[in-house]
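Right, one structure below, let's go through it.
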Amino acid sequence: MDYDPQDIETRWRERWAESGRYEADPADAEATFITVPYPYPSGGMHIGHARTYTVPDVYARYRRLQGDNVLFPIAWHVTGTPIIGAVERLKKREQGQIETLQDAFGVTESEFSDLETPMGYARYFIEKGDASYKNGMRSLGLSIDWRREFTTNDDRYSKFITWQYESLRDRGLLQKGLHPVKYCTNENNPVTTHDLLEGEDAEFQEYTLIRFRHGERVVPMATLRPETVRGVTNAYINPNETYVYATVSQAGGDEDATATAGEGWLVSEDAVRKFQLQEREVEIQERFPGTEVVGETVTNPVTGEEVPVLPASFVDADNATGVVMSVPAHSPDDYVALQEAKADDERMREYGVDPADVETIKPVPILEIEGYGEIPARDAVETAGIDSTDDPELEDVTAELYQDEFHSGRLLDSYGEFAGEVISEVRDRFREHHTGEAFDRMHEFSEEVICRCGGEVEVAKQDTWFLDYGDEAWKAKARDAVGNLTCVPDNTREQYNHTIDWLDEWPCIRNYGLGTRLPWDDDFVIEPLSDSTIYMSYYTIAHLIDDVPVEELDRTFFDTLFHGAEAIENAEVVGVEEPREPDDRALELREEWEYWYPVDVRCSGNDLIQNHLTFFLFHHAELFDRSQWPEGITVMGMGLLEGESMSSSKGHVVLPGEAIEEFGADTVRFFLLNSAEPWQDYDWRGERVQNTRDQLERFWKRAVEVLEDDAPVEGNTAGEMSDEGPTVELTHIDRWLLSKLQTTVQETTAALEEFETRSASQAAFYKFEEQLKWYRRRADLDRPGAAWTLREVLRTRLRLLAPFIPFITNELHERLTGGPAEDAGWPESDPELASDRIEVREQLVEAVTEDIHDIVDVTGTDPEQIRLYVAPEWKREVFETVREVGTDVGAVMGTVMEEAHLREKGDVVNELVQDLVGFVRERDEAELAELAAVDEQSIYEDARAFLEREFDATVEVIRAADSDDETADDAIPFRPAIHLA
RNA sequence: GCGAGGGUAGCCGAGCCAGGCCAAAGGCGGCGGGCUUAAGACCCGCUCCCAUAGGGGUCCCUGGGUUCAAAUCCCAGCCCUCGCACCA
């Protein structure tokens, strides 16, 4: 009977589907609710996703075996733009998109037309294509209640989201305000990171604009280090670019912008659009080349000093305002640029700048910092040996000095009230202090950003609705929810708290995308992270709510459902003043919700702690009672494929379907769970998966041997295994294996309670294999007792392994007992079978076996006769003394020497005491007590047959006291002297 | 910088929270043997150094410390990985 996973797995899948095995409804048993993020079907399912969903499945299966009523549901997240973007790219037949679809996910050209609408595309990857999530999940044998599926684009789900956002608005947690967004200047639309060709890593940077003056005009210069304003020695402008003079006024409600109406600004032409996008009205008055300004002077708004404007081709007119200030004392860039300007008289003259004036420019230090001289930038540049602005190392040197100055630079006396303070402490206050007349601000990306359409992307400030995670009262509730939580692994707790601390305003709407419209403004759609914060509650009623007409799913309906009749009738729901009539249907559904909630465990990726998981806590803490707050979050690690990160677009993925076809679902599951704990990163390597497959095959073969060994065991034939205990005679070694089995049960259980799927499967599978190996060597297997023991061991292990490898274990368990493992209950460790005594005794046999092996190896002999000398009674007496007196050699000697018959043995006793003290130290009380009760002679005598087999020699066990052999003197308690001949 | 995690034998990787049974699980690779006409698969043994009697030496990033005892606890340092958002 060969191992044929395809055959076995197909049968069980069909059985589960037909019987609705994992459909869960409220019952008397304890409810356990396990959820995992609903997949986002913007592409197919790969092996990394497979693990994400298999980890909670193992836990779900474990809890079911423990007798819980377990709900493990799934749905589909389609909100937002990625699917729309994918469809657009497909329609344009973009090469990359076509390749991803065909190569990574096996979509055929004839199927393309099905994928050309967003929901068509989603449906394909939800359930149609070979790489669809549903196919993958069913193949893996996930124990999902499929009745509860929905998508986040469903009308009823949208009503649920509407309820949430109205509630949050009424609680004052949804606010309106301006926020920076990525905006494509070609399409005139906000864009998401997924829409970018370049600049995926770009960050929004808030620049301070230093409002230099040129006569009546303002010349704003952008900087990230406003405190260096007193160190400005000159400005740079690009002589080859176009600049403008424009009137600028503040528009909209941007409180940060301070430009007074109609003020005249001098900026690059490219900057105009940036300001317009950032809530300013800009009207160009005249255009002129940069050369026109070069050679002029501008006035520093803080110091009142006049500084020259020098020409510089390195100035990027498309970055910020196109005019930059130079702080050569603290910016290595500026320092080197100034050196170059000084060296290039001809160029200065060309632009009408007197080289003599340039020569007089001296770096002006504004701070002091340990480890650098008066002019830190000069030190940094000279140490690195940089003498050109083209030197690639200059960037690193600049970054390093900025870091150092930020964290340990202290402002000089010229800063008055700010003098002596560290930059990191003082920067914000200094900026605030000057904001208005001297400082303004603007946003800019940290690097160039290009849209997929080829258009340039700029920072735009847009009016938006945001979730106010900065609200202190809300933060406090969220922290409370963390306190309530079982975090796996435990060290993630701090990360949640940290995230709660720094989360601030979160813009929760977008201009376009799939999903739910903002209830009071149809132009906007609620973005994906914001519509998935409490959806787990929707699972509890998802299969029943279809019976309720959409239009009846109003505020009262969901308020009734989640807050109950009393709260509705008494107008206790925040934001609703009127007492209302509770909705009857909602009250029925409320029972479902109350049965399943709270979420027992949410399994999710560790990358989601910073947003989704913390949002999940925030929203539960606000919208639901404390008793419905999440009880646990288990966080999962990332996957690698052959040592490299998976990537659908590069085709570097393995599909579950392919892997299951090659290895079988049990192998795929076992590998994914066994190669690392859930929260650790794992690496899918084909070679190792094959290994796992081989191991399962071996397991299968051994199990079949046990099944087929129908040596007549009274009352224990197949189909009649029970918890009744042995009906045949068991020997010491049988009992030893059964005792080890109890430890295995305990370890596996403890590990699964902690979500340690790796430790659990290691204990139940690999570690126990080691015990079996010894048992097979040690035991006479042709006994009814051995057959019974092996069957009992198999029956228990099949149940322990059932959460991990459900197909093979159910199949074997059914063949063994008549029923599947998943219906047999989780094994409990039997105290009757767990025996320290037996294990301690067996350890002595293992030890002596190992010692004989050592001697044989070292000497290279092949003994024909082995003699074991058991330590004499007086040595046992000394052992007893050590046990009683403790591990203080002096004290033991004192006691021992009181005995005349020991005293006369002299030094030998001293040595023995030393040995025994070491021996006792390493063992605990219980073990020593068991040892004290041991009759060594009989133990080795009982193991004689085994030892003779093992070494192919005759074995004699002799009392050392009865022998003249000198070797016999070496015997110490629990370590017989060994003589080989 | 802030936050989190980590550095273990040729490689991968357990152990560390709860110090001793740790020359340190398991796997891979390597070596030897068995089975086989042969190869593969499978099975057995070995795989830090020394050693012809169960022994000794050195070892878990580096340097200190605590302890009878440290891979494990404490301190300092070096190096590495991940996240830092408005994106699923």
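Order of the sequence lines fixes the chain letters, A, B, ..., with proteins taken first and strands second; residue numbering starts at 1 for each chain.
- When rounded to the nearest whole Å, the span between CZ of A:Phe204 and C1' of B:C84 equals 14 Å.
- Here the separation of B:U8 from B:G83, taken at their C1' atoms, is 26 Å to the nearest Å.
- Taking a pair to require two hydrogen-bonding distances under 3.5 Å in either a Watson-Crick or a G-U wobble arrangement, B:G55 pairs with B:C50.
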Would you mind building the protein contact string for nucleotides 11-18 of chain B? One character per nucleotide, 5' to 3', B for base within reach (heavy atoms under 4.0 Å), S for sugar-phosphate only, - for untouched.
-SSS----
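- Considering only residues two or more places apart in sequence or on other chains, A:Arg949 meets the side-chain contact (heavy atoms from CB on, under 4.5 Å) condition with A:Phe946.
- Nucleotide B:U81 forms a Watson-Crick or G-U wobble pair with B:A4, both donor-acceptor distances falling under 3.5 Å.
- Identified under the salt bridge (Lys or Arg N to Asp or Glu O under 4.0 Å) test for residues 849-862 of chain A, with sequence neighbours left out: A:Asp851-A:Arg975.
- When the side-chain hydrogen bond (donor to acceptor under 3.5 Å, both in side chains) test is applied to A:Gln610, no partner is found at least two apart in sequence or on another chain.
- If you take CZ of A:Arg693 and C1' of B:A41, they are 13 Å apart, rounded to a whole angstrom.
- Within 4.0 Å (heavy atoms only), A:Glu527 reaches sugar-phosphate atoms of the nucleic acid but no base atom.
- B:C21 is unpaired under the Watson-Crick or G-U wobble criterion, no partner having all donor-acceptor distances under 3.5 Å.
- Using atom P as the reference point in both B:G55 and B:G65, the two lie 31 Å apart (nearest Å).
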Just distance, no hydrogens or angles: give the donor-acceptor pairs under 3.5 Å from side chains in residues 611-619 of chain A, sequence neighbours left out.
| from | atom 1 | to | atom 2 | distance (Å) |
| --- | --- | --- | --- | --- |
| A:His612 | NE2 | A:Ser532 | O | 3.3 |
| A:Thr614 | OG1 | A:Ile609 | O | 2.5 |
| A:His619 | ND1 | A:Thr533 | OG1 | 3.3 |
| A:His619 | NE2 | A:Tyr469 | OH | 2.7 |

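- Closest-nucleotide positions on RNA chain B for A:Leu608 and A:Thr492 were compared, and the one nearer the 5' end corresponds to A:Thr492.
- Atom NE2 of A:His179 is separated from atom P of B:A85 by 14 Å (rounded to the nearest Å).
- Classified by interplanar angle (parallel below 30°, tilted 30° to 60°, perpendicular above 60°), the ring pair A:Trp700/A:Tyr3 is tilted.
- Residue A:Asn606 places no side-chain N or O under 4.0 Å from the OP1 or OP2 atom of B:G83.
- The closest side-chain donor-acceptor pair between A:Glu950 and A:His853 falls under 3.5 angstrom.
- Legend: residues meeting side-chain contact (heavy atoms from CB on, under 4.5 Å) with A:Glu930, ordered by chain and number and at least two apart, are A:Asp836, A:Arg837, A:Val840.
- Only the P atoms considered, B:G1 is 26 Å distant from B:U72, to the nearest whole Å.
- Per the geometry, CH2 belonging to A:Trp679 stands 11 Å off P belonging to B:G6, to the nearest Å.
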Distances under 3.5 Å between protein N/O atoms and the N/O atoms of nucleotides 67-72 of chain B, please, pair by pair.
| from | atom 1 | to | atom 2 | distance (Å) |
| --- | --- | --- | --- | --- |
| B:C68 | O2 | A:Arg921 | NE | 3.4 |

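- For the pair A:His498 NE2 and B:A85 P, the computed distance is 12 Å after rounding to whole Å.
- For B:G45, the paired base is B:C31 (Watson-Crick or G-U wobble, both distances below 3.5 Å).
- Rounded to a whole Å, the CG atom of A:Asn691 is 11 Å from the P atom of B:A41.
- The side-chain hydrogen bond (donor to acceptor under 3.5 Å, both in side chains) search around A:His179 returns A:Glu505, not counting sequence neighbours.
- In this structure, A:Leu613 atom CG and B:C87 atom P are separated by 19 Å, rounded to whole Å.
- Rounded to a whole angstrom, the distance from the P atom of B:U67 to that of B:G10 is 34 Å.
- The same atom, P, is picked in B:C68 and in B:G56; the two are 23 Å apart, to the nearest Å.
- Here B:A85 is the nucleotide among B:A25, B:C42, B:A85 with the atom lying nearest to any side-chain atom of A:Leu503.
- Separating the CZ atom of A:Phe445 from the C1' atom of B:C86 is a distance of 12 Å, rounded to the nearest angstrom.
- Residues A:Arg479 and A:Asp501 are paired through a salt bridge, judged by an N-O separation under 4.0 Å between the basic side chain and the carboxylate.
- Each of A:Glu494 and A:Pro180 was assigned the nucleotide of RNA chain B with the nearest heavy atom; the assignment lying further toward the 5' end belongs to A:Glu494.
- Using a 4.0 Å cut-off between charged side-chain N and carboxylate O, A:Glu458 and A:Lys182 make no salt bridge.
- Every residue two or more places apart in sequence or in another chain that forms a ring-ring contact (aromatic ring centres under 6.0 Å, His included) with A:Phe445 is listed here: A:Phe204.
- Taking A:Phe768 as the reference, nothing meets the ring-ring contact (aromatic ring centres under 6.0 Å, His included) condition, with sequence neighbours excluded.
- Pairing partner, B:C73: B:G65, with both Watson-Crick or wobble hydrogen-bond distances short of 3.5 Å.
- With hydrogens and angles left out, the side-chain atoms of A:Ser761 and A:Asn674 include a donor and acceptor closer than 3.5 Å.
- In this structure, A:Lys182 reaches the B:C86 phosphate: one of its side-chain N or O atoms is under 4.0 Å from OP1 or OP2.
- Taking atom P in both B:C84 and B:C48, one finds a spacing of 43 Å when rounded to whole Å.
- Residues that satisfy the side-chain hydrogen bond (donor to acceptor under 3.5 Å, both in side chains) test with A:Arg510, not counting sequence neighbours, are absent from this structure.
- Heavy atoms of A:Arg493 sit nowhere under 4.0 angstrom from any nucleic acid atom.
- Separating the P atom of B:G13 from that of B:A18 is a span of 26 Å, rounded to the nearest Å.
- Using atom P as the reference point in both B:G64 and B:C11, the two lie 25 Å apart (nearest Å).
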Between the protein and nucleotides 52-59 of chain B, are there any N/O to N/O pairs under 3.5 Å, and if so, what are the atom names and distances?
| from | atom 1 | to | atom 2 | distance (Å) |
| --- | --- | --- | --- | --- |
| B:A53 | N6 | A:Leu980 | O | 3.1 |
| B:A53 | N1 | A:Ile978 | O | 3.3 |
| B:A53 | N1 | A:Leu980 | N | 3.1 |
| B:G54 | O2' | A:Asp851 | OD1 | 2.9 |
| B:G54 | O2' | A:Arg975 | NH2 | 3.4 |
| B:G54 | O6 | A:Ile978 | N | 3.4 |
| B:G54 | N1 | A:Pro976 | O | 3.0 |
| B:G54 | N2 | A:Asp851 | OD2 | 2.7 |
| B:G54 | N2 | A:Pro976 | O | 3.1 |
| B:G54 | N3 | A:Asp851 | OD2 | 3.3 |
| B:G55 | OP1 | A:Arg975 | NH1 | 3.2 |
| B:G55 | OP1 | A:Arg975 | NH2 | 3.1 |

